[in-house]
Amino acid sequence: MSVVAEQIGGPGLEQVRRVRTEVPGPRSEELLRRQRSALPAGLGSSLPVFVTAAGGGVLVDADGNSFIDFGSGIAVTTVGNSAPRVVERASAQLDRFTHTCFLVNPYESYVEVCETLNRLAPVPGEKRTLLVNTGAEAVENAVKIARAATGRQGIVVFDHAYHGRTLLTMSMTAKNVPYKQGFGPFAAEVHRAPMAYPYRWPGGKERCAEEAADALVELLDRRLGAENVAAVVCEPVQGEGGFIVPPAGFLPAVAEICAARGILLIADEVQTGIARTGTLFACEHEGIRPDLLATAKGLGGGLPLGAVTGRAELLDAVPAGGLGGTFSGNPVACEAALGVFEEIERHDLVRRAGEIERIVLPALHAMAGRHEFVGDVRGRGAMLAVEIVRGGGDRTPDPARTAAISGRCHRDGLLTLTAGSYGNVLRFLPPLAISDALLKEGLDVLAGALAED
Ligand code: PLZ
């Protein structure tokens with residue numbers, strides 16, 4: 001076990017994989033029956049076992065099963081579940097006060113989180129940060145700020161994008177079922193450009209970056225009129241859309257295209273941000289410097305917190321009273337976020353994400369070598385994935401096989417998540433607090449689940 005994992009691997013919680021019942025087990029089944037009669041059908045769970053404890057690299061359920069965690073609550077518990085400094089700081093805050101509403105009375109931790117993000121975010125020049133509660137709220141506020149600052153209304157997003165479930169962010173999200181079906185009419189002035197998706201680019205991956213950049217120019221200059229466009233919003237590695245890593249050069253080209261037209265670049269780092277991809281922010285891999293950057297998920301260490309960090313003159317363009325929210329920047333969540341940054345620094349977790357990539361990626365490539373239905377292997381840091389296809393040169397997505405593989409992983413004590421516009425991506429988001437031993441054991445379980453096909 002690495003020193004890092006021993007130090008932050010959840011004291012008291014045994015770091016083992018243990019499956020002692022069917023999955024879900026009897027106690028979870030009983031709770032599921034209560035869930036079905038009390039909660040809406042539209043709210044599902046990837047692995048419906050009821051959690052009673054979590055930390056390091058494991059989740060323990062109500063039947064005493066212990067799962068290796070390759071999901072981190074969708075990239076949230078990046079520093080580990082109940083990480084020590086997060087718990088200490090949040091607990092101490094619970095004792096002091098739980099809420100004032102920053103719009104009524106300010107408190108120091110809010111300011112300190114903003115100062116920290118301003119210092120660390122790869123946004124150029126003087127910066128400001130606004131705190132919110134969720135990823136969708138962060139993206140939506142970034143768009144509001146971009147519109148107010150530019151006086152323009154158009155927003156450009158990409159194929160396979162995921163930006164949230166509120167009316168505006170749902171409209172910005174690409175995939176219809178399950179996110180949009182029946183929920184229209186959608187927000188106006190949201191336009192979509194092709195995403196540079198190397199594995200599926202019609203002209204082949206060598207031409208992908210250039211042709212996708214050309215398509216963006218075509219959309220901006222001829223179809224919309226660049227002077228009508230406030231911002232281009234992009235995830236530097238697409239998350240729900242299938243962990244799509246754009247080819248080298250595409251993101252810098254997007255940044256250049258925007259800058260030449262007075263269009264703001266908004267990076268949605270809700271899933272990629274806060275040490276997930278081997279850098280603190282995924283924009284850093286290609287040195288792009290967005291005007292506005294949205295974060296959430298990993299920022300609060302499991303407590304709900306989101307942020308918009310951006311160039312000072314943009315955030316300051318919104319008049320007093322134009323931004324806010326009752327719960328935004330809750331003091332307990334702010335203390336948790338300060339704990340997250342302490343954990344990252346104390347355990348060098350940015351480097352740890354790179355280490356995880358160096359363990360997982362070669363193992364995934366080896367699996368792809370053994371199974372032709374593993375069509376693509378991709379990702380950065382501790383955000384990695386395989387794309388499941390029919391195989392034998394046929395890249396047709398195979399969502400049924402993907403679900404079956406994921407189900408076998410669950411049965412054998414490994415929490416995996418699926419993703420992708422075609423539902424055929426198995427994605428891996430281990431907490432950075434996981435030990436090397438558990439990481440490797442999880443990969444063995446995955447290898448076994450693939451071999452059963
Ligand atoms: N932007 C890039 O990944 C959230 C969605 C889970 P919220 N992704 C997980 C689900 O199915 O609801 C996400 C994201 C990116 C924005 C969001 C939205 O973040 O905190 O869920 O609002």
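Order of listing sets the numbers, starting from 1, for every ligand and every atom in it.
Only backbone heavy atoms of H163 (N, CA, C or O) come within less than 4.0 Å of ligand 1; its side chain stays farther off. Counting heavy atoms closer than 4.0 Å to ligand 1, residue Q238 contributes nothing at all. Contact annotation: for K297 versus ligand 1, heavy atoms closer than 4.0 Å belong to the side chain alone. With a heavy-atom cut-off of 4.0 Å, A136 touches ligand 1 through backbone and side chain alike.
For atom 8 (N) of ligand 1, the protein comes within 4.0 Å by at least one heavy atom.
For L94, the side chain to side chain contact (heavy atoms under 4.5 Å, CB included) partners at least two apart in sequence or on another chain are T98, V332.
Residue-environment remark: OH (Y179) exceeds the threshold of 12 foreign heavy atoms within 6.0 Å. Counting non-hydrogen atoms of other residues, nucleotides and ligands closer than 6.0 Å to CD of E345 gives a total of 12 or fewer.
Here the heavy atom of the protein found nearest to atom 3 (O) of ligand 1 is Q271 NE2, 2.8 Å. Of the protein's non-hydrogen atoms, the one nearest atom 6 (C) of ligand 1 is I74 CD1, 3.8 Å. With respect to atom 10 (C) of ligand 1, the closest heavy atom belonging to the protein is R165 NH2, 3.4 Å.
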Self-check item: Derivation and outcome, side chain to side chain contact (heavy atoms under 4.5 Å, CB included), residues T78 and L349
Solution: CA-CA 9 Å; T78 304; L349 293 181; over 6 Å; no

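Of all the listed residues (E235, M170, E140, E240), E235 holds the heavy atom that lies closest to atom 2 (C) of ligand 1. Proximity annotation for atom 1 (N) of ligand 1: of V233, T173, T295, D268, D268 comes nearest, heavy atoms only.
Taking 4.0 Å as the cut-off between side-chain N and carboxylate O, R89 and E342 count as a salt-bridged pair.
Considering both main-chain and side-chain atoms, G135 comes within under 3.5 Å of ligand 1 through a nitrogen or oxygen pair. Looking at ligand 1, you won't find any N or O of E137 less than 3.5 Å from one of its N or O atoms.
Taking every non-hydrogen atom of V270 and a distance limit under 4.0 Å, the qualifying atoms of ligand 1 come out as 1 (N), 13 (C), 14 (C), 15 (C), 16 (C), 17 (C), 19 (O). Per-residue contacts place T134 under 4.0 angstrom from the following atoms of ligand 1 (heavy atoms of the residue considered): 20 (O), 22 (O).
Aromatic ring orientation, Y107 versus F102: perpendicular (interplanar angle above 60°, classes split at 30° and 60°).
Stacking of R401 on the aromatic ring of F373 is recorded, both the 6.0 Å distance cut-off and the 45° axial limit being met.
For residues 230-256, the salt bridge (Lys or Arg N to Asp or Glu O under 4.0 Å) pairs, not counting sequence neighbours, are E240-R427.
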